[in-house]
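Quick notes on the structure that follows.
To find a chain, count down the sequence lines: A is the first, B the second, and so on, and within it residues start at 1. On a predicted model such as this, the values are computed, not experimentally measured, just so you know.
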Amino acid sequence: MKVVACLKAAPEAEDIGTRPDRTLDLDKAAWKIGTYDLNTIEAARVLADETGGVAVGLSVGGPALASSKLRKDALSRGLDEFVVVSDEALADLDTFQTACVLRDALAGIDGVDLVLVGAGSSDVYAQQVGNELGALLGVATLNGVNKVTPAGDHLVVERPLEDAVQVIEVGLPAVLSLTSGINTPRIPGMRDVLAAGKRPTTEVSGLSAPAPSTDRTSLLAVEQVERAHRVVDGDTADVVAQLVDYLNSVGGAR
Amino acid sequence: MSLGNAWVVLPNPAAAAGLARGARGLADEVNAVVVGADAALPGADLTVAVPAPPVGALAEGYAASIAELLQARGAQIVLLGADVSSRLLAGLVAARLGTSALTVQGVAVEGDGLVVSRTAYAGLATTTERPAGSPAVLVVAPGVLPAQEEAGAGRVEHVDMAPAPEPLRVVEVRPKAGEPVNLAAATRVVGVGRGFADEADLRLARELAAALGAELACSRPLAEGLGWLPTERYVGVSGATIRPDLYLAVGVSGQVQHMVGVNQAKVIVAINKDKNAPVFGQADLGVVGDLYDVLPALTNALAR
Ligand SMILES: Cc1cc2nc3c(=O)[nH]c(=O)nc-3n(C[C@H](O)[C@H](O)[C@H](O)COP(=O)(O)OP(=O)(O)OC[C@H]3O[C@@H](n4cnc5c(N)ncnc54)[C@H](O)[C@@H]3O)c2cc1C
């Protein structure tokens, strides 16, 4: 089975600064493949191994995708090859734009059986790219998939809803959005890192996105509530006494 | 100010049933498409009732027909809930209408159009955006739109639709054992994180919560991944947003993705054994200590 894992690079949230005027400072933030995209790579690798197939990474985005460190990182986590669509004009796309470019990029990859998408990107977490991509491709589409088992010419998947778990047979091709609990991504070892350097990355150019679905009028850091920032440390009986006093003073204790 | 119409779309009658009452604040006319409806949706003027999907099929299979109906009727705003099925239906319908399904934290009508707010950068920031085309397709979690009183005209129209012949078949539905969770209503919340080494140790947090009259919440890894607590209990950018009087974080590091779900709490107290944990930077009172020592002593002291 040929499995494509869709990946998105995003700036590391811990390293994003906020200025007094509530604008963001992204200068120190390194761009990384999304945390939950690592589950997608892992799922693609496992399915490819179970079916004697291949796992292909596919990413659409801005200049951050040019980084060879980022590419090697993705490859070292279990991809056989990586297809990258990187263009200044493709930075900061919304979900429908992303889905359109992914559809066009997928048209250039032969014999795709299954497209996997993560639980949500590390920056926007809209949880919609897979759903919209599936509709554009006109193939079987599911979100919230927590387990995928190959069964001959189809898959059997588990999809937890709020009050029940659905077990669904899915014909191929299909687009599945996964949960972040579906697996534990492997941590690449020295051998994986070395092997990653030899695996191919294909650049795709000339793809463009439709107009955005919204006009953004502002982007501001969330306003912080003032906090007292008192810290107590030391002997347990002592800190607990202070904690109880504090809870009483704010009406938190019963 | 309001727009001409809003359409609420529900994959089953129980999904986000309060949406129609909320939609009234945005549009003069509130309509609904409800899969499997046998009655008018409370708050809607018109309920288009679509038959429940045949056994083995998903309501999401109606997406193409629903998109066509919305277009034919000139929908201006399309609203869906934030549950798993509604989210899928939202994306499937939106893509067929040539637009993004937008998960919104806020929505209002300004001038002749909609203004929505959304989170960005893992919850660090908020955007305001104006949907460019019509209709706008919005995913709306409970509590985002204040419910309006108006009952709606309550007309029902039955429309026959067949789900698309999809290569999908539901072969089993297993009920999920669950306890009702109402974090939003809780005035005190004890939030637990990966500082707990073992599921059984959550007993310490449950006992503390009982002594405080608090609800139990958690960080995402405890729900997704470890599976120690139901997903309804995790707070943060991808989970619940709460505003309790007291949030007591125990063994939680305080990553931005978690804290945006609780940063409007009146008082934040944190217990963590690492004095450099980011959670202390966002707490009113921080206790540097091992939860395995502090929690039993605290529960004891509160019980006295
Ligand atoms: C797209 C995206 C969305 C996300 N959404 C959410 C979300 O909505 N909600 C959420 O919570 N997370 C979310 N996360 C995950 C988030 O980034 C963090 O990984 C997570 O919140 C960390 O959980 P934690 O604090 O329990 O664990 P850790 O970060 O591992 O922290 C555990 C803490 O426990 C302390 N500790 C350990 N032992 C003890 C002890 N004996 N006594 C006292 N303290 C102890 C440690 O010092 C540490 O600070 C998201 C991540 C991504 C990428």
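- With a 4.5 angstrom heavy-atom cutoff, Gln128(A) touches chain B only via side-chain atoms.
- If you measure heavy-atom distances from Pro212(A) to chain B, the contacts under 4.5 Å come from the backbone alone.
- Only the side chain of Ala119(A) has a heavy atom closer than 4.5 Å to any heavy atom of chain B.
- A donor-acceptor pair under 3.5 Å is formed between the side chain of Thr128(B) and the backbone N or O of Ser218(A).
- Your options are Thr103(B), Val256(B), Val267(B), and the one with the most heavy-atom pairs under 4.5 Å with chain A is Val267(B).
- To the nearest 0.5 Å, atom CG of residue Leu168(B) and atom CD of residue Glu169(A) are 10.0 Å apart.
- Residue contact with chain B, scored on non-hydrogen atoms closer than 4.5 Å, involves the side chain of Leu26(A) exclusively.
- Heavy-atom minimum distance, Glu162(A) versus Lys176(B): O-CE, 3.4 Å.
- Checking Arg220(B) against Ser180(A) by side-chain atom types alone, a donor-acceptor pair falls below 3.5 Å.
- Within the 4.5 angstrom heavy-atom criterion, only backbone atoms of Asp163(A) (N, CA, C, O) approach chain B.
- Of the atoms belonging to Ala221(A), heavy atoms from both backbone and side chain fall under 4.5 Å from chain B.
- Residues from residues 270-280 of chain B that place a non-hydrogen atom less than 4.5 Å from a non-hydrogen atom of chain A comprise Ile271(B), Phe280(B), given in numerical order.
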